[in-house]
Amino acid sequence: MRKSHLFASCAKDKDLIMINVGVHLRDTKGFRQLDKICEHIRGLIGSSWELSRIYTGDEFCVNRLPSLTELNKVCELAEDRNLELTFLIPYLTDWGQEACSRLLDALYEKNPSTEVVVNDWGTLVYVQNKYPSFKLALGRLLNKGFKDPRLQNVDDVFLLSEELAELLNTGTFDSVELQNSAKVFGFSRMERDLFPYEEHDQKAVSEIKLSYYFPFGYITTGRVCLLSSLEAPKNRKFTIHDRC
């Protein structure tokens, strides 16, 4: 299991919090091991949860998106298990938009009410115009916050000033203005990481549903891929190019 997505929802028993879990499946091996993944989640968080959603796609790189064959298989799996489907879209260049469109076209034809997660504002406009019946979720790459893992003595920093405490404890999605804009744009959900220095019990609850990536988050990302440049000549290292 690469990652799972957790968000709390209402349960029949008012004293019980039932967690809805979405699992990110990247390839056909993951499709075949879904039951084993669910067993792993039970060992991690106990039994007060239900699998409600399957994720496919990738929010970081267009080269990591599934093939059409893989997309069709995960659609069939979601339908067979009666699970919701979410498609993750990375931030897209013009070339990336063309590559991603082939998958979105197929998905729109197969299931026009699929939820898609957008991670840049240009992609939002593109999806709204070309695929109007897709459900929209706001991707975690748009939720900016302090994540530098080199910070060791966080308690000391909190004592220095209210401004620094707010910096460590606030993300973009905590903004009331952003939440209001998200409702205007038609987002039904926002996706977040658990920021390493955030005090989660003090956060105001947004009217929009929230999902938390767990147990792993990301620190930073960008269009210059370290791995793709390892064998490149010196004048091509850490430059923007399409080779993967």
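Bear in mind that the values here come from a model prediction, so they are computed numbers and not experimental data.
Ile89 places a side-chain heavy atom less than 4.5 Å from the side chain of Cys100. At a threshold of 4.5 Å between non-hydrogen side-chain atoms, the residues Leu107 and Leu103 do not count as touching.
No more than 12 heavy-atom neighbours from other residues, nucleotides or ligands sit within 6.0 angstrom of CG on Asn82. For Gln128, the CD atom is densely surrounded, since the number of other residues' heavy atoms within 6.0 Å is greater than 12. Remark: Asp94 CG is loosely packed, at most 12 non-hydrogen atoms of other residues, nucleotides or ligands lying under 6.0 Å away. By the 6.0 Å contact criterion, NZ on Lys135 is open, its count of non-hydrogen atoms from other residues, nucleotides or ligands being 12 or less.
With hydrophobic clusters built from ILVMFWY side chains whose heavy atoms lie under 4.5 angstrom apart, Val125 does not share a cluster with Val184.
Checked against the 6.0 Å centroid criterion, the rings of Phe134 and Tyr108 qualify as a close aromatic pair.
For Glu70 (side chain) and Ser67 (main-chain N/O), a donor-acceptor pair under 3.5 Å exists by modelled atom type. Put simply, the side chain of Thr114 never gets that close to the backbone of Leu85: no donor and acceptor are under 3.5 Å apart. In this structure, Lys144 contributes its side chain and Leu141 its backbone to a donor-acceptor pair below 3.5 Å. Side chain of Asp148 to main chain of Arg150: a donor-acceptor pair is present (N/O by atom type, distance under 3.5 Å, no hydrogens or angles). A donor-acceptor pair under 3.5 Å links the side-chain atoms of Asn143 to the main chain of Thr172, judged by distance alone. Between the side chain of Asp174 and the backbone N or O of Thr170 there is no donor-acceptor pair closer than 3.5 Å. With hydrogens and angles ignored, the 3.5 Å screen pairs a side-chain donor or acceptor of Asp120 with a backbone N or O of Leu92.
Ring geometry for Phe185 against Trp121 counts as tilted: the plane angle lies between 30° and 60°, on a 0 to 90° scale. Ring geometry for Tyr55 versus His24: interplanar angle of 30 to 60°, hence tilted.
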(Q) The test is side chain to side chain donor-acceptor pair (under 3.5 Å); show your working for Asn111 and Ser113 and say whether it passes. (A) CA-CA 6 Å; Asn111 188 353; Ser113 62; 3.0 Å; yes

| task | Would you sort out whether Phe87 and Val117 count as a side-chain contact (heavy atoms from CB on, under 4.5 Å), showing the intermediate values? | result | CA-CA 6 Å; Phe87 185 77; Val117 178; over 6 Å; no

Under the criterion side-chain contact (heavy atoms from CB on, under 4.5 Å), I'd like the reasoning laid out for Trp95 against Val62: C-alpha separation, chi angles, the key distance, then a yes or no. CA-CA 9 Å; Trp95 171 84; Val62 70; 3.1 Å; yes

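Just one of Leu34, Thr86, Val23 meets the side chain to side chain contact (heavy atoms under 4.5 Å, CB included) condition when paired with Ile54; it is Leu34.
Cation-pi geometry between Arg140 and Tyr213 is satisfied (NZ or CZ under 6.0 Å from the ring centre, within 45° of the ring normal).
The closest side-chain donor-acceptor pair between Arg189 and Ser211 falls under 3.5 angstrom.
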